[in-house]
Amino acid sequence: MGPFVARGCRAGAEMITLALSKGRIFDDSLPLLRAAGIEVLEDPETSRKLILATTRPGVRVVLVRATDVPTYVQYGGADLGVAGHDILLEHGGQGLYQPLDLRIARCRLSVAVRADFDYAAAVRQGSRIRVATKYTHCAREHFADKGVHVDLIKLYGSMELAPLTGLADAIVDLVSTGNTLKANHLVEVEHIMPISARLVVNQAALKLKREPLRALIDAFESATAANNP
Ligand code: PRT
Ligand code: MG
């Protein structure tokens with residue numbers, strides 16, 4: 001397959017398209033954008049627009065589902081984007097240049113079980129464990145590394161419900177405060193890895209729109225450094 005670069009009839013040669021998802025990625029990206037001198041001209045929570053202009057000429061934001069950010073950037077629907085490391089690991093990262101850990105939207109990927117399930121004993125005894133998760137790729141790798149036998153059940157949301165209903169013994173999910181687990185009588189039994197959001201860039205765009213993209217990446221880098229002294 002050849003290189004994919006953002007086209008779009010309204011996008012001129014130097015138009016840069018940044019893909020963000022609504023919610024915490026958008027909210028946590030705003031201060032970085034602001035530090036880079038970019039204000040988004042519309043609030044995604046009140047506007048129904050999916051393409052948002054910014055105060056920086058030639059830079060626009062497109063709003064996509066968090067799981068779709070790598071796909072948009074990979075195929076050139078956007079030149080760059082902000083995506084959780086969890087999403088990138090599941091996507092595979094093909095065609096994406098990942099220059100920067102933005103250190104925003106931080107959390108961890110963990111294994112959790114019902115408080116009355118003895119995970120350590122199940123592992124010790126070599127039992128087959130049923131694990132529900134949206135992160136099948138990361139989960140498969142984690143349990144294979146540990147030599148634990150698992151049956152993975154793919155879910156798209158509300159993983160916390162799976163152990164409560166008997167659908168699964170364990171879940172692999174993101175945890176930040178731990179409040180969701182606690183509210184559902186689940187306990188974290190293993191940290192798989194820390195997670196944060198990354199800047200991802202279309203590799204072909206990086207060649208064809210080198211100057212403006214480099215300037216943006218540098219601005220993100222300085223803003224991230226300033227945020228994390
Ligand atoms: O929500 P939607 O289905 O639209 O999409 P999404 O879940 O893919 O997007 P979003 O916006 O919820 O998450 C985007 C990114 O934020 C993720 O890919 C992560 O990289 C990052 N992130 C950081 C988190 C969390 N923290 C987080 N706590 N994503 C999800 N959660 C969820 C978690 O899945 C669990 O349900 O929050 C709950 C736990 O939170 P605590 O604080 O109760 O522990
Ligand atoms: Mg979510």
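Each ligand, and each atom within it, is numbered from 1 in the order the structure gives. Keep in mind that this is a model prediction, so the values were computed, not measured.
Considering each of Thr180, Asp28, Ile87, the one bringing a non-hydrogen atom nearest atom 38 (C) of ligand 1 is Thr180. Heavy-atom proximity to atom 3 (O) of ligand 1, evaluated over Arg108, Lys22, Arg65, His85, is greatest for Arg65.
Of the N and O atoms on the side chains of Arg106 and Ser196, not one donor lies less than 3.5 Å from an acceptor on the other residue.
When each atom of ligand 1 is checked for a heavy atom of Val175 under 4.0 Å away, the hits are 44 (O). Of all atoms in ligand 1, listed by their number and element, those nearer than 4.0 Å to a heavy atom of Asn179 are 43 (O), 44 (O). Per-residue contacts place Gly84 under 4.0 angstrom from the following atoms of ligand 1 (heavy atoms of the residue considered): 20 (O). Close contacts between ligand 1 and Cys107 involve ligand atoms 22 (N), 23 (C), 25 (C), 26 (N) [criterion: under 4.0 Å to a heavy atom]. For ligand 1, the atoms lying closer than 4.0 Å to a non-hydrogen atom of Ala66 are 8 (O), 9 (O). Remark: ligand 1 atoms within the under-4.0 Å shell around heavy atoms of Thr177 are 41 (P), 42 (O), 43 (O), 44 (O).
Taking NZ from Lys49 and CG from Asp43, the interatomic distance works out to 12.5 Å, rounded to the nearest 0.5 Å. Between atom CG of residue Leu199 and atom CD1 of residue Ile104 there is a gap of 9.0 Å, rounded to the nearest 0.5 Å.
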query = Hey, mind stepping through Leu167 and Leu155 against side chain to side chain contact (heavy atoms under 4.5 Å, CB included) and telling me if it holds?
reply = CA-CA 11 Å; Leu167 178 67; Leu155 288 180; 4.1 Å; yes

task = List the steps and the verdict of side chain to side chain contact (heavy atoms under 4.5 Å, CB included) for Leu33 and Leu20.
result = CA-CA 11 Å; Leu33 286 167; Leu20 297 176; 4.2 Å; yes

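For residues 148-164, every residue pair satisfying the salt bridge (Lys or Arg N to Asp or Glu O under 4.0 Å) rule, not counting sequence neighbours, is listed here: Arg128-Asp151.
Contact annotation for Lys134 and ligand 1: only side-chain heavy atoms (C-beta onward) come within less than 4.0 Å of the ligand. The part of Asp86 lying near ligand 1 is the side chain, judged by heavy-atom distances below 4.0 Å. Counting heavy atoms closer than 4.0 Å to ligand 1, residue Met159 contributes nothing at all. By the criterion of a heavy-atom distance under 4.0 Å, the side chain of Asp173, and not its backbone, is placed next to ligand 1. Proximity of Ile195 to ligand 1, defined as any heavy-atom pair under 4.0 Å, is confined to the side chain (atoms from C-beta onward).
Tyr72 is not listed as a side-chain neighbour of Asn202, based on a closest heavy-atom distance of 4.5 Å or more. Thr54 is not listed as a side-chain neighbour of Leu18, based on a closest heavy-atom distance of 4.5 Å or more.
Residues Leu109 and Leu88 do not share a hydrophobic cluster, defined by chaining ILVMFWY side chains whose heavy atoms lie under 4.5 Å apart.
Residue Tyr135 has no N or O atom closer than 3.5 Å to an N or O atom of ligand 1. In terms of polar-atom proximity, Gly178 is counted as a contact of ligand 1, with an N or O under 3.5 Å from an N or O of the ligand.
In terms of the salt bridge (Lys or Arg N to Asp or Glu O under 4.0 Å) criterion, Asp145 has no residue partners (sequence neighbours excluded).
For Lys182, the closest heavy-atom approach to ligand 1 does not fall below 4.0 Å. Ligand 1 has no atom lying under 4.0 Å from any heavy atom of Gly23.
The residues Glu14 and Lys209 are annotated as not salt-bridged, no charged nitrogen and carboxylate oxygen being separated by less than 4.0 angstrom.
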